[in-house]
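First up is the structure itself, then whatever we jot down about it.
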Amino acid sequence: MNAQTQTLTLQGAAGAIEALCDEPQGTPRGTAVLAHPHPLFGGTMTNKVVQTLARACVQAGWRAVRFNFRGVGASAGTYDEGRAEAGDMRAVIEQVAATGPLVLGGFSFGAFVTSHALQQLAGQRELAALVLVGTAASRFEVAPVDAALHPRTLVVHGEQDDTVPLAAVLDWARPQSLPVTVVPGVEHFFHGQLPLLKSLVTRHLQACAAAPLSSVS
């Protein structure tokens, strides 16, 4: 993403996990761990939406760590429909953000995996913020977000998303009374509106930084 991007090799249950780390100017507020879209449909940690999330995190003062799920790039292992991928995400968190403030984020399949990694961390870690973009609610069983975390959660979806219909995300969010930010006229990959997405995420992270931490549990 920039000259300061570091390549990391972490360890997961299946072996090596390839990752990229971007540092903000000054002392980081903490670490953001970001998950990419579907591995079987070209999803990688260099996806434009994931890069945009990383840029937003860095701008808001967070260290941003993106990683390739098992079987993608130099990451070992094979696709597991999100089950072992949640384990990959937890392994990344344990190695790059074992302590300190934590942000989790994901795009599409990555948002689905993030929801389950978060559920598995319940009661173990405080979360400073959660960002879910293009959440794949029509294709996977996305885990609900604990009500205590709703004020720190940003769910963003394109009005004209033809990969994951907006209606599916609203059906997931409605029983939780979880707000969804809808970007008019935008499809799944936010073509032409990545700067707006970056702005929405940056503002959310800045607002969360100004408020006291609440527990995930």
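Note that the structure is a prediction, hence the values are computed from the model and not measured.
In terms of modelled atom types and a separation under 3.5 Å, the side chain of Glu187 and the main chain of His191 share a donor-acceptor contact. Formation of a donor-acceptor pair under 3.5 Å by the Glu18 side chain with backbone atoms of Ala74 is found in this model. With hydrogens and angles ignored, the 3.5 Å screen pairs no side-chain donor or acceptor of Arg90 with any backbone N or O of Leu118. A distance-only check finds a donor-acceptor pair linking the side chain of Glu85 to the backbone of Gly82 [under 3.5 Å]. The main-chain N or O of Ala137 is never found under 3.5 Å from a side-chain atom of Glu141 such that the two would form a donor-acceptor pair. Although no hydrogens or angles enter the test, the distance criterion places a donor-acceptor pair under 3.5 Å between the side chain of Gln95 and the main chain of Gln11. Under a 3.5 Å cut-off, the side chain of Ser199 and the backbone N or O of Pro195 do not form any donor-acceptor pair. Thr44 places a side-chain N or O within 3.5 Å of a backbone atom of Thr46 that can act as its donor or acceptor partner. In this structure, Asp161 contributes its side chain and Leu166 its backbone to no donor-acceptor pair below 3.5 Å. With His157 contributing its side chain and His188 its backbone, the two residues share no donor-acceptor pair below 3.5 Å.
The line from CG of Leu20 to CG of Asn68 is 7.5 Å long, rounded to the nearest 0.5 Å. If you take CD on Gln176 and CG on Leu149, they are separated by 10.5 Å, rounding to the nearest 0.5 Å. How far CG of Leu121 is from CD of Glu126: 12.5 Å, rounded to the nearest 0.5 Å. Between the CG atom of Leu178 and the OG1 atom of Thr153 there is a distance of 6.0 Å, given to the nearest 0.5 Å. If you take OG on Ser108 and CZ on Phe140, they are separated by 8.0 Å, rounding to the nearest 0.5 Å. For the atom pair Gln120 CD and Arg125 CZ, the distance stands at 14.5 Å (nearest 0.5 Å).
Residues Leu102 and Leu132 share a single hydrophobic cluster, defined by chaining ILVMFWY side chains whose heavy atoms lie under 4.5 Å apart. Following chains of ILVMFWY side-chain contacts shorter than 4.5 Å, one cannot reach Val49 starting from Val182, and the two form parts of different hydrophobic clusters. Linking ILVMFWY residues whenever their side-chain heavy atoms come closer than 4.5 Å, directly or via other members, leaves Val65 and Leu53 in distinct clusters. Hydrophobic clustering, with ILVMFWY side chains joined whenever heavy atoms are under 4.5 angstrom apart, groups Phe112 together with Ile93. Cluster annotation: Val156 is connected to Val186 through the hydrophobic network of ILVMFWY side chains, with a link wherever side-chain heavy atoms come within less than 4.5 Å.
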- Kindly indicate, with the supporting measurements, whether the criterion side-chain contact (heavy atoms from CB on, under 4.5 Å) is fulfilled by Val131 and Leu104. CA-CA 6 Å; Val131 179; Leu104 296 183; over 6 Å; no
- Message: Let's go through Phe109 and Phe69 carefully: what are the C-alpha distance in whole Å and the side-chain angles of both, what is the deciding distance for ring-ring contact (aromatic ring centres under 6.0 Å, His included) to 0.1 Å, and is it a yes or a no?
- Response: CA-CA 11 Å; Phe109 172 86; Phe69 284 125; 5.6 Å; yes
- Evaluate the criterion side-chain contact (heavy atoms from CB on, under 4.5 Å) for residue pair Asn47 and Phe189; output intermediate values, then yes/no. CA-CA 9 Å; Asn47 168 271; Phe189 293 96; 4.0 Å; yes
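Of all heavy-atom pairs between Arg152 and Cys208, the closest is NH1-O, 3.2 Å. When all heavy atoms of Thr31 and Arg63 are compared, the pair lying nearest together is OG1-NH1, 2.8 Å. Contact detail for His116 and Ala86: the closest heavy-atom pair is CB-CB, 4.4 Å. Smallest separation of non-hydrogen atoms from Ala168 and Ser138: CB-CB, 3.6 Å. Contact record, Leu205 with Ala60: CB-CB, 3.8 Å, taken as the closest heavy-atom pair. Taking both residues in full, the closest heavy atoms of Gly61 and Pro24 are given as O-CG, 3.5 Å, listed atom of the first, atom of the second, then distance.
Phe107 and His36 have their aromatic ring centers separated by at least 6.0 angstrom.
Only one option out of Leu194, Thr202, Val201 pairs with Lys198 in a side-chain contact (heavy atoms from CB on, under 4.5 Å); it is Thr202. Screening Val155, Val103, Thr114 against Leu130 for a side-chain contact (heavy atoms from CB on, under 4.5 Å) leaves a single residue, Thr114. A side-chain hydrogen bond (donor to acceptor under 3.5 Å, both in side chains) with Arg70 is found for exactly one of Thr78, Asp88, Asp80, namely Asp88.
With sequence neighbours left out, Arg174 forms a side chain to side chain donor-acceptor pair (under 3.5 Å) with Asp171.
Counting only heavy atoms from C-beta outward, the side chains of Val58 and Pro28 never approach each other to under 4.5 Å. Put simply, the side chain of Leu197 does not reach to within 4.5 Å of the side chain of Val183, judged on heavy atoms. Side-chain contact between Thr163 and Phe41 is absent, with no heavy-atom pair separated by less than 4.5 Å.
In summary, Arg66 and Asp22 engage in a salt bridge, as defined by a charged side-chain N under 4.0 Å from a carboxylate O.
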